[in-house]
Protein chains: 2
Amino acid sequence: MSRSSTGYHHGDLRRALLEAGAALLEEQAPARVSLREVARRAGVSHAAPYHHFGDRGGLLKAIGDACMGDFLARQEDAAATQSDPADRIVALGEAYVSFAAERPHAFALVFDPELCPPQDPSPERAPLIARNEELLAECVAAWLTARGRGPEDLEALSTAFWGAVHGLAALVGEGQLGREQVAPALRALVR
Amino acid sequence: MSRSSTGYHHGDLRRALLEAGAALLEEQAPARVSLREVARRAGVSHAAPYHHFGDRGGLLKAIGDACMGDFLARQEDAAATQSDPADRIVALGEAYVSFAAERPHAFALVFDPELCPPQDPSPERAPLIARNEELLAECVAAWLTARGRGPEDLEALSTAFWGAVHGLAALVGEGQLGREQVAPALRALVR
DNA sequence: ACCCCATCTTTACACCGTCAAGACCGACGG
DNA sequence: CCGTCGGTCTTGACGGTGTAAAGATGGGGT
């Protein structure tokens, strides 16, 4: 029942809606992604999405989950390309910023607190968040030991680094900063 | 003509709308601030705002200008309370984060790129932005000289610090970080 | 073969931003 | 003192949105 794409029941509407919504998100900010437009692009009636996602928030949340997956994949890739701890941290940060620069609306959606409250996040996203924090902590810990320091500041430094990278990413995503200003700032930080 | 508050023509609708809008912004995110609700709270018809602000964006932009003013005032105050360069930087960052924590919607509005594009900002806000960058550069420069370093990294360090503080503020405003995690992270940075 | 029910459509409602036309009233010239 | 003028506000309308309820459709299990 879930295979054919032709036919009255469309076969795979959920995926089609997710794809249409993700495509729309590349063009417009999350607030302007309308359920009706997504349905229109998927070629179904405006009320069709309601059966698959409870409401507009449900659709946005599902799209956000997918974006979070993309984001995490990029983070993992970036971390894997470098072996030196300092370089790895910089690579992590640059991947973070690249995502925000190239897909600003997806980035905004991923961190929208109304769609996925940081306290009790959706069961779909919780493992992704955990994995991301784990990755960051690993890199910071490696960097600390490489500099001959104990792990006493690990948590403070992790949040500091997260804050720095997140802020640079947000500012770039908002157009407040040029992308070329990021690398020097990051390097100045891990100096 | 613009003084009396009684009478049919209301006297000072523009200010009343700004106040109603600002009050609404304390309760709800910018995206949910509706022109009609603001008009309702000001006790006028739903089309009344159009004569004073061109459209919804105009009202939000004006509210954002006011919020930016509040924000800058807090930054100035924070910088004035400390004399030691390192302490001043930390105070600046904490004021930044406090604003985002206490007035998250105002914070989001101030940095909304669709309402006030960072390239060619509104003539009302441009001086505020300039003053803010100046303040930050001053503090970073003082911190650099206090550590016996030349101003060669001033720009990179300024953006790095701005990014860190902005990121921490955004994460706190979104509820992703607890407010108590900020001070240790900041102190770890200026260490 | 039949019926069930998940899926999709239709219809309807309230709210929103925006625009055009009209009502109101203070101010200014005669 | 009176009239008209123009900025201010209201009314009404249009298209778009999210959401809910009710009706149509057709595939899959018994």
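Everything quoted here is computed from the prediction, not taken from an experiment. Lettering follows sequence order; numbering is per chain, from 1.
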[N] [atom2] sits how many Å from [X] [atom1], rounded?
| X | N | atom1 | atom2 | answer |
| --- | --- | --- | --- | --- |
| A:L59 | D:dG18 | CG | P | 10 Å |
| A:F53 | D:dT19 | CZ | P | 13 Å |
| B:Y50 | C:dA21 | OH | C1' | 16 Å |
| A:H46 | D:dA22 | NE2 | P | 16 Å |
| B:R32 | D:dT17 | CZ | P | 18 Å |
| B:L60 | C:dT18 | CG | P | 10 Å |
| A:D55 | D:dT17 | CG | C1' | 14 Å |
| B:L17 | D:dT10 | CG | C1' | 14 Å |

Check: A:R36 side chain, D:dG16 base, donor-acceptor under 3.5 Å: no
Position toward the 5' end of DNA chain D (nearest nucleotide), A:G54 or A:E37: A:E37
Aromatic ring pairing B:F107/B:H166, orientation class (parallel under 30°, perpendicular over 60°, tilted between):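 B:F107 and B:H166: tilted rings.
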Polar side chain donor-acceptor pair, B:S98 to B:R179, under 3.5 angstrom: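 Result is yes, a qualifying pair exists.
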Side-chain donor-acceptor pair present, B:S34, B:R56, cut-off under 3.5 Å: no
Minimum-distance nucleotide to A:L13 side chain [options: C:dC8, D:dA20, C:dC19]: C:dC8
Sugar-phosphate only, base, or nothing, as touched by B:R40 at under 4.0 Å among non-hydrogen atoms: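 The residue B:R40 makes sugar-phosphate contact but no base contact.
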Below the 4.0 Å mark, does [N] have OP1 or OP2 next to a side-chain nitrogen or oxygen of [X]?
| X | N | answer |
| --- | --- | --- |
| B:H52 | D:dC9 | yes |
| A:S45 | C:dC8 | no |
| A:H51 | C:dC8 | no |

B:E37/B:R41 ion pair, N-O < 4.0 Å: yes
Salt-bridge present (B:E114, A:R32; N to O < 4.0 Å):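 Yes.
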Nearest-nucleotide comparison on DNA chain C, the residue closer to the 5′ end among B:S34 and A:V44: A:V44
